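Only one structure is covered here, and it is reproduced in the block below.
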Amino acid sequence: MLELKDVNTFYGSIQALKSVSMSVQKGEIITLIGANGAGKSTTLMTISGIVRPASGVVAFEGQDLGALEPDQIVATGICQVPEGRRIFPYLTVQENLDLGAYLRRDNAEIHKDLDYVFTLFPILSQRRHQAGGTLSGGEQQMLAISRALMARPRLLLLDEPSLGLAPLIVQQIFEILTQINRENGTTIFLVEQNAYMALRIAHRGYVMENGVIVLADAASALLENDEVKSAYLGV
Ligand SMILES: Nc1ncnc2c1ncn2[C@@H]1O[C@H](COP(=O)(O)OP(=O)(O)OP(=O)(O)O)[C@@H](O)[C@H]1O
Ligand SMILES: [Mg+2]
């Protein structure tokens with residue numbers, strides 16, 4: 001479904017991605033784990049067109065994304081939940097969700113999706129007329145995920161959804177990610193520093209160090225891998 005081939009991305013003279021190749025199959029949950037500054041966010045931003053690679057190819061369902069603007073990339077069915085959530089704090093929960101559907105015209109289906117995100121996260125329904133900025137961190141992450149779902153993406157990119165959240169909330173959010181994947185077949189590309197939680201829900205995983213993919217395997221195998229255990233799982 002998604003293919004990165006020999007992608008090199010720079011910020012000025014700093015090379016953040018070094019010949020990165022990855023593939024994501026339709027219906028998978030894949031995770032990219034790595035330490036601070038490894039290049040995880042850069043990988044997601046290179047896919048969503050916010051950052052342009054100097055060389056290499058990013059292709060989605062056979063289409064080269066290189067010539068498309070970020071909003072055209074969203075229109076192909078890719079939606080990113082950015083690091084730090086970035087909801088609109090002064091808009092209500094409802095308005096944030098409406099903005100997620102801004103490229104759509106299928107109003108009846110938009111209503112169905114709104115009902116669906118409220119069944120996933122009932123707390124958002126209770127808070128629908130409240131300003132986004134008044135929500136707790138966990139609720140804001142739920143809103144950010146829901147806003148992305150309102151675009152009805154076929155590929156959902158998530159940048160560290162667990163960041164700064166209590167373990168119980170992280171567990172709840174990750175369970176809902178598996179539910180979204182299972183119920184809708186939404187393909188999920190999850191970037192995480194919380195390697196244990198990410199590998200627990202993913203089918204496959206990649207490990208990145210200093211802009212290089214150093215390991216790729218089934219998530220269950222990575223959980224048992226000695227290097228991964230000592231470097232990322234703290235065991
Ligand atoms: N806008 C920028 N300008 C210059 N260098 C940048 C910029 N953004 C990221 N970098 C550098 O690129 C490298 C990769 O950063 P990136 O944000 O992709 O890492 P990350 O794996 O997402 O880290 P974290 O876990 O801290 O979010 C780092 O060395 C970082 O300092
Ligand atoms: Mg990052």
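Just so you know, ligand 1 is whichever comes first in the structure, and atom 1 is the first atom listed for that ligand. Nothing here was measured: the structure is a model prediction, and the numbers come from that model.
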Review point. Just by distance, do the side chain of R86 and the backbone of V81 share a donor-acceptor pair under 3.5 Å?
Key: no

Review point. Ligand 1 versus E83, non-hydrogen atoms closer than 4.0 Å: side chain, backbone, both, neither?
Key: side chain

Review point. When you measure from atom 26 (O) of ligand 1 to every protein heavy atom, which one gives the shortest distance, and what is it?
Key: N36 ND2, 2.7 Å

Review point. Within less than 4.0 angstrom of ligand 1, does G211 place any heavy atom?
Key: no

Exercise for review: Check each of L163, T42, T46 against atom 16 (P) of ligand 1 and report the one with the nearest heavy atom.
Suggested key: T42

Check your understanding: Do any heavy atoms of G39 fall under 4.0 Å from ligand 1?
Key -> yes

Point to revise | V191 side chain near F189 side chain, heavy-atom distance below 4.5 Å | key: yes

Point to revise | Within-cutoff protein neighbour (heavy atom, under 4.0 Å) for atom 30 (C) of ligand 1 | key: no

Review point. What protein heavy atom is closest to atom 23 (O) of ligand 1, reported as residue, atom name and distance in Å?
Key: G37 N, 2.8 Å

Point to revise | Closest protein heavy atom to atom 25 (O) of ligand 1, given as residue, atom name and distance to 0.1 Å | key: K40 NZ, 2.7 Å

Review point. For atom 6 (C) of ligand 1, which protein heavy atom lies nearest, and how many Å away is it?
Key: Y11 CD1, 3.3 Å

Revision key, fill the gap. With heavy atoms and a 4.0 Å threshold, my read on which part of M45 contacts ligand 1 is neither

